[in-house]
Amino acid sequence: MNRENQPVYLRELNPEQYNAVIHTGSPLLILAGAGSGKTRVITTKIAYAVDALGVSPESILAVTFTNKAALEMKTRVFSMCARAGGVMIRTFHSFGAWLLRTYGGNIGIAPAFLIYDEDDSLAFLKRELRENYGAAQIKQYLSWIQRAKDLGLGPEDDLKRVSHDRHLPGIFAAYQERLATTGNLDFGDLIMKSIELLRRRPDTKQAVRERFGMVLVDEYQDSNVAQFKLLQEVCGDDTYLCVVGDDDQSIYKFRGAEVENILGFPEQFPRTRVIRLEQNYRSTRKILEAASAVVSHNKNRLGKTLTTVNNEGREIVVAYLQDYTEEAEFCAEVINRNGAEETAVLYRMNYQSRHFEELFLRMGIPYRIVGTQRFYEREEIKDALCYLALLINPQDELAFLRVVNKPPRGIGRVSLEKIVDRHGQGHEDWIACCRNPQEGLSKKAAAGIRDFISCLDFLAAALEKETLSHFIHVLIERTGLLACYEQKDAEAGTAKASNLLELINAAMPYPAARAGLLQFLENTLLNSPEMKDPEKGKVTLITVHNTKGLEFERVVITGLEEGVFPSFPGTDPEDTSTEEIEEERRLFYVGITRAKKELYLTSCRRRALYGRYITSRPSRFLTEIPGHLVREYEGKSVTAYKARNEDEFCRGARVFHDDYGYGVVIKNESKGEHSLVTVRFDTGRSARFIPAYSSLVRIKEEY
DNA sequence: CAAGATGTAATTTTT
DNA sequence: TTACATCTTG
């Protein structure tokens, strides 16, 4: 075919990418391997549809999972095609919010609803359950409710797939009811209510289907059942639907992601055309080969063969180390040799970052940590946002309870209880409830309430007069939040006051008054800019989950030990289900494929757990990488600990045990799977161990 | 009503 | 070990 006359962005594509871009006429599933130019294809496809096919930008809907992805897609589409400004590029939740604000009135949803995040939901459920349940149980129930919503199930549905708990349906129903009295929605509702809207109102469904003739979904492997149902409602027979994803990179099962969505897409949508993107542009051959070998151990996958024309590259370095201190030292060494920029240290769990932070701080290695706490989740920001929320919606119970005594106004638990009781009797909102004379309140509390009300009145008036940004400035001063946190900052060395001031800047782009405030609140929550822009010259500390969509020259994946990576909390490693292991393996696969040129894997012999050392075994994933791709790190620690082979505890070997201390192996018998080792300790005692189940470590002879 | 004391639990996390 | 949540005391 003649591609000479086509725009540059088309000529740069490989044949599969090209076919995916120009395809029309049936549902399309693009199976895009890691580093295969997935985002490029989806953005080019949008540009091409507008430019070459004459599709109206307003009729295109592109859905992603993260704000970051949405933002990136917007930027890339607009840079390719200026006319694409009208394309709707949103996250699933943001799309739901749009749908409900636009048409929600048809099913009785007030367009000015606020969105409760997970913390809010939990606080909410706590109010419902705290009399009879512990914190852990409440969390469990919330998690079940969320899972149910992920599956598109309401309180009245059969919840057996979520849990057999007898009380769940009742608690779920009570939660929904309580939420309804505030008029607000939680994250799950943004999807659930959208489905309900389109099902109950054929007129709305028709309007939506007429508007969106072309729908694209990115990261489809992480969609859940509810999102699939929503997609089914949005897409009619005439809608062109294209989904992009990689079943090997599905890592959010614990959040309700349903790999079946992508695996079963061709059956769900008849006449589906499947295009595979298997050409990798990111990694060296060795890295890619390792990644493929590892993930090929998974059974539940479509299977694809990634190839690359890139160089073979260096061997993968595997370092067996003594403990997390040595691991941090190893990372420091990698960084000092190669530079911090374009280097990432990956770990399975957030708390693992501490060891790296400590050492890097001491050694003066510049680093940044990605994705610990979101801006809007900060205590002080949340306080300010709750004042704002209360101004928009005086029914907002949660917001009221959070800020009524913040900063302290002398309204304690007892006084609050009385107000809550009083509110429960009438049907006035929280502010009206406080406005009326309070009986039985202490003088102090009554004064506090009066103060609170006059503060809110002042703010309500200010909201109409000031720009939003200035209004927020007024708010944090008039409420006393700023002063309160300035004092706390001085005591605790935090930076909460400056975060509050940051909020003033964040509000700059928004219009004034209620309308602007509403937009601002939604954007803070649903489009909160995460501070993920790679700063120059710093090493990146990041969880493996958070690396999705990123790439680095050099990657160190740390903590490759059974129980850490793969992780299986609370479960016996022996009976961990294969499904769980496969998800962990996919996560490892994601980690490996982030590396462009160099990959390092570290595994520790001992790890500190809640102040105690426990021995761990190397991750099974390490054995899944073909030996010829790997070079074992031979640093200072090699003498202390080498990969365990039969000789590790041979007769005469010097060993250390957590409880017994130092000793010498005097006998080594093989018994089936495990060897039985007899040790005489320096204290004179002897004991027998199965090394696999003990904390026995081989050490250097000198010790 | 607010600061200290004791107890308990401990993944990953888009929105 | 540490972080937090709930309980007790000033």
Side-chain angles (χ1 to χ4, degrees), chain A residues 63-71 90-97 115-121 126 130 134-140 143 146 149-150 185-192 218-219 221-224 226-227 249-257 324 346-355 370-374 376-377 405 407-416 442-445 448 491 522-528 530 532 542-549 559 563-571 580 583-584 586-588 590-591 607-614:
Chain A
V63 187
T64 66
F65 276 84
T66 65
N67 298 313
K68 203 164 125 267
L71 196 69
R90 285 175 180 260
T91 63
F92 258 113
H93 293 267
S94 161
F95 172 67
I115 300 161
Y116 277 165
D117 71 10
E118 197 165 322
D119 283 347
D120 299 331
S121 302
K126 266 191 184 148
R130 67 169 166 204
Q137 281 174 300
I138 298 175
K139 273 189 191 154
Q140 175 69 81
S143 153
Q146 289 174 157
K149 290 186 179 187
D150 288 341
L185 302 176
D186 68 10
F187 279 135
D189 284 346
L190 293 177
I191 311 297
M192 290 289 283
D218 195 11
E219 304 280 14
Q221 76 280 352
D222 285 327
S223 60
N224 60 38
Q227 287 159 341
Q249 293 187 65
S250 169
I251 55 174
Y252 285 108
K253 189 185 168 65
F254 70 96
R255 286 291 239 136
Y324 279 179
L346 276 52
Y347 35 84
R348 178 66 234 272
M349 282 162 290
N350 266 317
Y351 72 76
Q352 292 173 270
S353 71
R354 241 193 45 232
H355 302 268
V370 172
T372 25
Q373 208 186 16
R374 243 164 285 287
Y376 76 84
E377 282 173 359
N405 195 34
R409 295 187 176 88
I411 306 158
R413 209 196 75 239
V414 180
S415 312
L416 212 49
S442 68
K443 261 190 191 144
K444 201 164 138 200
E491 286 162 14
E522 180 161 327
N523 269 338
T524 317
L525 190 66
L526 291 183
N527 303 319
S528 132
E530 289 169 59
K532 278 189 182 173
I542 189 169
T543 63
V544 192
H545 278 96
N546 259 325
T547 61
K548 196 151 78 162
V564 177
F565 201 179
S567 143
F568 25 73
T571 347
E580 283 164 334
E583 172 115 341
E584 292 288 314
R586 288 193 292 268
L587 192 56
F588 186 47
V590 167
R607 63 194 171 98
L609 189 73
Y610 314 139
R612 185 154 274 144
Y613 273 116
I614 60 162

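Worth saying up front: this structure is predicted, and the values here are computed from it rather than measured. We name chains A, B, ... by the order of the sequence lines, and we start the count at 1 in each one.
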- Expressed in angstrom and rounded to an integer, what is the separation of A:Gln146 atom CD from B:dT12 atom P? 16 Å
- Interatomic distance where CE belongs to A:Met349 and P belongs to B:dA10 [whole Å]: 14 Å
Looking only at the side chain of [X] (C-beta and beyond, no hydrogens), which of the listed nucleotides [options] gets closest?
| X | options | value |
| --- | --- | --- |
| A:Arg348 | B:dT11, B:dT13, B:dT15 | B:dT11 |
| A:Pro408 | B:dA2, B:dT13, B:dT15 | B:dA2 |
| A:Glu118 | B:dT13, B:dT11, B:dT15 | B:dT15 |

- Report yes or no: is the ring centroid of A:Phe92 under 5.5 Å from the six-membered base ring centroid of B:dT15, with the two planes under 30 degrees? no
- Indicate the atoms forming the closest heavy-atom contact of A:Gln221 with A:Ser250, along with that distance.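 Heavy-atom minimum between the residues: O-OG, 3.4 Å.
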- Message: So A:Glu219, base contact, sugar-phosphate only, or nothing? Heavy-atom distance under 4.0 Å.
- Response: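 Since no nucleic acid heavy atom lies under 4.0 Å of A:Glu219, the category is nothing.
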- Message: Mind checking if A:Asn405 touches a base, just sugar-phosphate, or nothing, with heavy atoms under 4.0 Å?
- Response: sugar-phosphate
- Pair A:Asp150 + A:Arg255: basic N to acidic O under 4.0 Å: no
- Among A:Lys548, A:Gln227, A:His93, which residue meets the side-chain contact (heavy atoms from CB on, under 4.5 Å) test with A:Phe65?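 Of A:Lys548, A:Gln227, A:His93, side-chain contact (heavy atoms from CB on, under 4.5 Å) with A:Phe65 is met by A:Gln227 alone.
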- Hey, mind stepping through A:Tyr347 and A:His355 against ring-ring contact (aromatic ring centres under 6.0 Å, His included) and telling me if it holds? CA-CA 11 Å; A:Tyr347 35 84; A:His355 302 268; over 10 Å; no
- Item | Any N/O donor-acceptor pair, A:Ser567 side-chain to B:dT11 base, under 3.5 Å | yes
